2 protein chains.
Amino acid sequence: METLRERKRQRTRDALVRAALELFTTRGYEGTTVDDIAEAVDVSQRTFFRYFAGKEQAALAVHEMTVEHFLGAVRERPPHEAPMEALRQAVLEGWDTLNEVVESVVPLELFLRMFRVIESTPVLLAAHLRRSTEIEDTLARILAEREGLDVDADPRPRVLVAVFGGVMRLTERQWYADGDAGLDAMRALTVSYLEQVGPVLTGAWRTP
Amino acid sequence: METLRERKRQRTRDALVRAALELFTTRGYEGTTVDDIAEAVDVSQRTFFRYFAGKEQAALAVHEMTVEHFLGAVRERPPHEAPMEALRQAVLEGWDTLNEVVESVVPLELFLRMFRVIESTPVLLAAHLRRSTEIEDTLARILAEREGLDVDADPRPRVLVAVFGGVMRLTERQWYADGDAGLDAMRALTVSYLEQVGPVLTGAWRTP
DNA sequence: GAGGCTAGTGACAGCCACTGACAATTGACA
DNA sequence: TGTCAATTGTCAGTGGCTGTCACTAGCCTC
């Protein structure tokens, strides 16, 4: 962020994200046109598309920042932790420090509202899920390297990450279904669901 | 499929699906316009949209039939089976009998080619994944009823299905990555990944 | 500090997915 | 056979997205 040019560019991009999220969370995603967003920031529609590959990308831009944050947390977990525990700690750390990451662009509250728009807008949810599978691939590679395994020869990293990813998406979905829950509720759900994975596989449900 | 009207309608729909899949698998999804498909069947573009809510839906139409087939198989599993085992048997049964389901509309080989187009086309993959989460919700309800549980009070059905779903999506992804594998390879991957879920969670990877 | 270079932008034209409205046609059924 | 309902084609329009081209503004060199 040195030159004036780069600063201006960053400011335009942030302004577009803010305007987009503000509009999406009030008028809805489909109810907002790209022209609306561009007009709110006073740039041309063409310029919007020079910053984002599509309307979706603008909607998911802040989310993407939190993903990078989470991946960083995973990479910095101590090597002695078991793989699943490393993932668990990294997500929890992610929720706990989400505030700082998000607030550099938009208020946390706007981010949470946008989260719900994503969950409730089919095309956004779809894009979010697709991105999640890409993240799973990255995660599998990180874990494989951690454990000194070849991710293409040993299926275990991918299987573990698949299980973890499945539970994370369940967490998001249920957090959304819960209504207007906050980050603390998200954290609690994460803990709760992850600790059920083991027991649930035994299958002796009728005799608790 | 009684009246002439219903038969004609079904024939038009099947023709659209066949034409769509044929074009998608040769020219690619993005490289095919709705007009192309409509023209191939000699109907207007407007008519296409009376049969499908969008280009995506036509691309996923055959897949949707296999989903219904799978859900039926789950519902008919004997009640004494443990939940995860019921899911496991139902998927395997699904792969084994896929042929009969698919061939009523398109050749199996075309379906498999289309499967690869879905996996490699971002917007289609996204739509497919979103549909998968809806299926998971249905599955959780089926399992809950099976076990006499309240799906909203007891998280276990959803957690189990989330794990299962995660592994299934991994299966699809790896099957695609394998290149030009057939249904038997898909079946083998399913078995292999599911039996690794238990061991993988213990986390003692470095001492096999 | 003048002039050239390049990134960023606006304006315009055009493609394609998708929708609403209306008129024409065709099968169903009394 | 005539009426009703379902199906279809045509047309017009919206919105996401892209290519092109000329213009401006920050950057860098001499």
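Only a predicted model underlies this, so the values are computations on that prediction, with no experimental measurement involved.
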Trainee: Got a second to check how far F164(B)'s CZ is from L194(B)'s CG, nearest 0.5 Å?
Mentor: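 Interatomic distance, F164(B) CZ to L194(B) CG, rounded to 0.5 Å: 6.0 Å.
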
Trainee: Checking only heavy atoms, does the side chain of R46(A) share a donor-acceptor pair with the base of dG19(D) at less than 3.5 Å?
Mentor: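 Indeed there is one.
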
Trainee: Can any side-chain N or O of T138(B) pair as donor or acceptor with the backbone N or O of E134(B) at less than 3.5 Å?
Mentor: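 Checking the backbone N and O of E134(B) against the side chain of T138(B), a donor-acceptor pair under 3.5 Å is found.
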
Trainee: Quick check against the 3.5 Å criterion: does S120(A) have a side-chain atom that pairs as donor or acceptor with the backbone of V117(A)?
Mentor: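 Looks like yes, one N/O pair under 3.5 Å.
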
Trainee: Using whole Å, report how far CD of Q57(A) lies from C1' of dG16(D).
Mentor: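 Rounded to the whole Å, the gap is 14 Å.
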
Trainee: Among the candidates dG16(D), dT19(C), dT8(D), find the nucleotide nearest to the side-chain atoms of V34(A).
Mentor: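 Closest of the options to the side chain of V34(A): dG16(D).
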
Trainee: Would you say S44(B) reaches dT10(D)'s phosphate, i.e. side-chain N/O to OP1/OP2 under 4.0 Å?
Mentor: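 No, because none of the side-chain N or O atoms of S44(B) sits under 4.0 Å from OP1 or OP2 of dT10(D).
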
Trainee: Are any of the side-chain heavy atoms of Y193(B) and V197(B) separated by less than 4.5 Å?
Mentor: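 No. Closest side-chain heavy atoms not under 4.5 Å.
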
Trainee: How does each nucleotide of nucleotides 22-30 of chain C score, in 5' to 3' order, for protein heavy atoms under 4.0 Å: base (B), sugar-phosphate only (S), or none (-)?
Mentor: ----BBS--

Trainee: Roughly, in whole Å, what's the span from CD in E30(A) to P in dT19(C)?
Mentor: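 It works out to 10 Å between those atoms.
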
Trainee: Whole-Å distance between dT9(C) P and R13(A) CZ?
Mentor: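 It works out to 13 Å between those atoms.
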
Trainee: Is there a side-chain contact between Y51(A) and the phosphate of dG8(C), meaning an N or O under 4.0 Å from OP1 or OP2?
Mentor: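 False: Y51(A) side-chain N/O out of range (4.0 Å or more) of dG8(C) OP1/OP2.
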
Trainee: Do the non-hydrogen side-chain atoms of Y51(B) and Q57(B) ever get within less than 4.5 Å of each other?
Mentor: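 Sidechains of Q57(B) and Y51(B): no contact.
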
Trainee: Should R9(B) be listed as having a side-chain N or O under 4.0 Å from OP1 or OP2 of dT8(D)?
Mentor: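 Checking dT8(D) against R9(B), a side-chain N or O does come within under 4.0 Å of OP1 or OP2.
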
Trainee: Tell me, which pairs form a side chain to side chain donor-acceptor pair (under 3.5 Å) where one or both residues lie in residues 59-78 of chain B, sequence neighbours left out?
Mentor: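 Sorted pair list: E64(B)-R131(B), H69(B)-T97(B), R77(B)-E81(B), R77(B)-E93(B).
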
Trainee: In whole angstrom, give the distance that lies between atom CD of Q45(B) and atom C1' of dA17(C).
Mentor: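 After rounding, the reported distance stands at 7 Å.
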
Trainee: What is the distance, rounded to the nearest whole Å, between atom CZ of F24(B) and atom P of dC16(C)?
Mentor: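 So the CZ-P distance, F24(B) to dC16(C), works out to 14 Å.
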
Trainee: Quick check against the 3.5 Å criterion: does Y176(B) have a side-chain atom that pairs as donor or acceptor with the backbone of F115(B)?
Mentor: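 Side chain of Y176(B) to backbone of F115(B), a donor-acceptor pair under 3.5 Å: no, none is there.
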
Trainee: Quick one: R7(B) CZ to dA6(D) P, roughly how many Å, whole number?
Mentor: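 Taking atom P of dA6(D) as the reference, CZ of R7(B) is at 18 Å.
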
Trainee: Rounding to a whole Å, what distance do you find between F49(A):CZ and dA11(C):P?
Mentor: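 Rounding to the nearest Å, CZ of F49(A) and P of dA11(C) are 16 Å apart.
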
Trainee: What is the distance, to the nearest angstrom, from the CZ atom on F48(A) to the P atom on dG8(C)?
Mentor: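 Rounded to the whole Å, the gap is 17 Å.
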
